[in-house]
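The structure under discussion appears below in the form of structure tokens.
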Amino acid sequence: MSGDVAPGVVPSLESAPPLGGMVSEPNGQVSSMRVAFLFSVFVVGVVWCALSIRSGAMQEIPWTVVVALSAMAGGKLLQRFAEGRK
């Protein structure tokens, strides 16, 4: 997108994809895998913050949660790599 805009010109928000393109594929379609990953990270962050505030100390995030989030991110990376090879 930065190549479409002249230097010093700020593009309008109407032309920007939702969330800055974080949930969109290069072809413009919304990626359900990215939405699920971002939602999961958001939920884990909110729960972690709530538990940490409630207990008055920073809580550990269980390694199983970290592995699950990493697997989701890795799955998306493998999917993207496989699509690029077609």
Should Leu69 and Val67 be counted in the same cluster of Ile, Leu, Val, Met, Phe, Trp and Tyr side chains packed under 4.5 Å apart?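 No, because Leu69 and Val67 fall into different hydrophobic clusters, even though each may have its own neighbours under 4.5 Å.
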Just to verify, what does Val43 make a side-chain contact (heavy atoms from CB on, under 4.5 Å) with, not counting sequence neighbours?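 Scan of Val43 (side-chain contact (heavy atoms from CB on, under 4.5 Å), adjacent residues dropped) gives Phe39, Val47.
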List in chain and number order the residues that pass side-chain contact (heavy atoms from CB on, under 4.5 Å) with Val66, two or more places apart in sequence or in another chain; answer none if no residue qualifies.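 With neighbours one apart ignored, the set is Ile61, Ser70.
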Supply the atom-to-atom distance Leu51 CG to Met58 CE, rounded to the nearest 0.5 angstrom.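 Leu51 CG to Met58 CE: 12.5 Å, rounded to 0.5 Å.
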Report the distance from atom CD of Glu60 to atom OG of Ser52, rounding to the nearest 0.5 Å.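 Here the interatomic distance stands at 10.5 Å.
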By the rule that ILVMFWY residues connect when side-chain heavy atoms come within less than 4.5 angstrom, directly or transitively, which residues belong alongside Met33?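 Once heavy-atom contacts under 4.5 Å are chained together, Met33 still belongs with nothing else.
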Linking Ile, Leu, Val, Met, Phe, Trp and Tyr by side-chain heavy atoms under 4.5 Å, what else ends up with Ile53?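 Noted: Ile53 shares its cluster with no other residue.
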If the condition is side chain to side chain donor-acceptor pair (under 3.5 Å), which residues does Ser55 pass it with, not counting sequence neighbours?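 Counting only residues at least two positions away or on another chain, Ser55 forms a side chain to side chain donor-acceptor pair (under 3.5 Å) with Gln59.
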